[in-house]
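Reviewing the structure listed below.
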Amino acid sequence: RGKMDFENIIVRVENKVGWLEYNRPPVNAVHWGMLKEMPQAIRSLLEDDGVRVIVIASALEKYFSTGADLQVFAEIDVEGMREWMTIVHTLVKTLRASPKPLLAAIHGTAVGLGAELVMHCDQRFSASNARFGQPEININIVPGVGTTQSLARLLGRTRAIRFLYDGAFISAQDALAIGMVDEIVDPEELRETVQQYGQTLASKPPEGLAAIRQTITSGVDLPFDEGLKIEFERILELVQTANFKEGISAFLEKRDPKWN
C-alpha cells in the first residue's frame, strides 16, 4: 500500500513489511534534515499496526550510505555535536527496543551513519557487490551510532578494533566472514529476497517475535541469571495471550493457526 514521503527518506508498506529507504541523492550523505527525519520515519513504521516487520534500505542505485555529510561536520561545534549525538543515540535505543523484527537490505557503498544504523537490525542481507567501511579514524573521530558497542558484540573486541583502526573498505564476502552481515544475495534479487523473508516473519505471531528479539537483545549484556529473569517474565506474559492458546489449539487440531 501507499508511500509516506519525507524529503530524504521513502517509507512504504508491502504485505505487512514496512520499508524505510534512504533517499538523499547523490550518495545518501546524512545532513541535519535527513537525520531529523530518521526517528520520525522509524516511529511511523513502529506505530503502524499494519506493519509487522521493518526493512532499512536505500532508494539509490549505487549507494546505501556515505555517512554524515562532512559539510555539516566542517561547521559543527561541541554543542552541535551534542545535539547530533543525542538524536543518533535516541534512535539507536528505539531500534534496540523495537518489538518488530528489523531487517536490512544493503547494496553498493555502505559507509558511516546509515550503515552503522543497520548494525542494530536482526538480520542483514547484503548484495554481493556491497562494500563496507568505517573511515572515521581518517577524520580523527569514532563511529557514533552505537557502533563501537554493536561491532564489539557482533565481531568480537579485536576484530572490531582492527576494522576501525584500518578505516578501509571490505567486501560483502569479508563482511559475511566476520559476522557483519548474515546473508549474501545477487544484487538483482536483494529486494525480493528480503521482502519474502519479511513476509515469512510477518506470518508469525507478533508477541513471540517481540519476545525473541527483546529477550536476546537485552539479555546478552546482562549476567546469565539476570537474562533468565527476563526470559521467565516474558514466558509468563506469552502464556496469557490469545495467540498462545491459538497456537496450541491449531497444533492439536492439525490446522494452520490464525494469529491476531
Side-chain angles (χ1 to χ4, degrees), residues 9 18-22 28-30 34-35 38-39 41-42 45-46 53-58 63-68 84-127 130-137 141-185 190 194 197-198 201 212-214 216-221:
I9 294 172
W19 287 72
L20 183 159
E21 299 182 69
Y22 306 142
N28 278 339
V30 180
M34 186 175 182
L35 179 69
M38 285 179 171
I42 285 287
L45 292 171
L46 287 173
V53 178
I54 297 172
V55 180
I56 299 178
S58 166
Y63 292 90
F64 185 79
S65 163
T66 53
W84 182 280
M85 288 301 302
T86 299
I87 294 170
V88 169
H89 278 186
T90 301
L91 182 55
V92 168
K93 291 173 185 175
T94 299
L95 292 177
R96 285 176 62 80
S98 168
K100 300 179 181 183
L102 301 179
L103 309 178
I106 308 161
H107 71 276
T109 299
V111 177
L113 195 156
E116 295 169 52
L117 208 58
V118 301
M119 296 304 146
H120 304 287
C121 290
D122 308 329
Q123 294 288 299
R124 283 168 293 281
F125 294 80
S126 172
R131 55 189 198 131
F132 298 82
Q134 293 300 148
E136 284 81 0
I137 186 61
I141 204 164
V142 297
V145 192
T147 318
T148 57
Q149 305 309 302
S150 64
L151 288 183
R153 288 159 175 74
L154 282 172
L155 312 185
R157 175 183 176 273
T158 56
R159 275 181 167 166
I161 285 178
R162 178 65 184 265
F163 182 55
L164 297 185
Y165 274 176
D166 290 351
F169 279 106
I170 63 171
S171 67
Q173 291 72 25
D174 287 343
L176 178 67
I178 63 175
M180 190 178 294
V181 300
D182 303 291
E183 188 171 329
I184 294 179
V185 298
L190 177 65
V194 178
Y197 182 65
L201 292 181
I212 289 169
R213 102 171 294 273
Q214 291 174 337
I216 291 176
T217 303
S218 301
V220 71
D221 294 324

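Of all the heavy atoms in P39 and L91, the pair that sits closest is CA-CD1, 4.0 Å. Here the shortest heavy-atom pairing between A172 and V181 reads O-CG2, 4.0 Å. Closest approach of V53 and G198 over heavy atoms only: CG2-O, 3.5 Å. The two residues L46 and P99 make their nearest non-hydrogen contact at CD2-CD, 4.2 Å. The two atoms that bring I9 and A41 nearest to each other are CG2-CB, 4.0 Å, heavy atoms only. The minimum heavy-atom distance between F64 and G114, with the atom names listed, is CE2-O, 3.5 Å.
Panel note: side chain S65, backbone V111; a donor-acceptor pair is recorded below 3.5 Å. The closest donor-acceptor contact from the side chain of K100 to the backbone of L45 lies under 3.5 Å.
Here the OG1 atom belonging to T217 is positioned 11.0 Å from the CD1 atom belonging to I212, to the nearest 0.5 angstrom. Annotation: the span from L20 atom CG to I42 atom CD1 amounts to 5.0 Å, rounded to 0.5 Å. With values rounded to the nearest 0.5 angstrom, L95 atom CG is found 6.5 Å from C121 atom SG. Atoms CG and OG, from L176 and S171 in turn, are 9.0 Å apart once rounded to the nearest 0.5 Å. The structure places CD1 of I106 at 9.5 Å from CE of M180, a figure rounded to the nearest 0.5 Å. Rounded to the nearest 0.5 angstrom, D182 CG and D122 CG are separated by 9.5 Å.
Taking L154 as the reference, M119, R124 meet the side-chain contact (heavy atoms from CB on, under 4.5 Å) condition, with sequence neighbours excluded. Under the side-chain contact (heavy atoms from CB on, under 4.5 Å) criterion, I141 pairs with M81, E136, I139, not counting sequence neighbours. For F132, there are no ring pair (Phe, Tyr, Trp, His ring centres under 6.0 Å) partners, not counting sequence neighbours. When the side-chain hydrogen bond (donor to acceptor under 3.5 Å, both in side chains) test is applied to T66, no partner is found at least two apart in sequence or on another chain. With sequence neighbours excluded, the residues that form a side-chain hydrogen bond (donor to acceptor under 3.5 Å, both in side chains) with Q149 are R153. For E21, the salt bridge (charged side-chain N to carboxylate O under 4.0 Å, His left out) test picks out R12, R191, with sequence neighbours left out. Residues that satisfy the side-chain contact (heavy atoms from CB on, under 4.5 Å) test with I161, not counting sequence neighbours, are R157, Y165. Among residues two or more places apart in sequence or in another chain, the side-chain contact (heavy atoms from CB on, under 4.5 Å) test is passed with A68 by F73, W84.
Sorted by first and then second residue, the salt bridge (Lys or Arg N to Asp or Glu O under 4.0 Å) pairs with a member in residues 87-98 read R96-D221; sequence neighbours excluded. For residues 166-180, the pairs satisfying salt bridge (Lys or Arg N to Asp or Glu O under 4.0 Å) are R162-D166, with sequence neighbours left out. Applying the side chain to side chain donor-acceptor pair (under 3.5 Å) test to every pair with at least one member in residues 107-121, sequence neighbours left out, gives these pairs: T109-R131, E116-Q134, E116-T147.
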Subject >> side chain to side chain contact (heavy atoms under 4.5 Å, CB included) between W19 and V194, worked out >> reply: CA-CA 10 Å; W19 287 72; V194 178; 4.2 Å; yes
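The shortest side-chain heavy-atom distance between L164 and P143 falls under the 4.5 Å cut-off. Side chains of Y22 and I56 form a contact here, defined as non-hydrogen atoms less than 4.5 Å apart.
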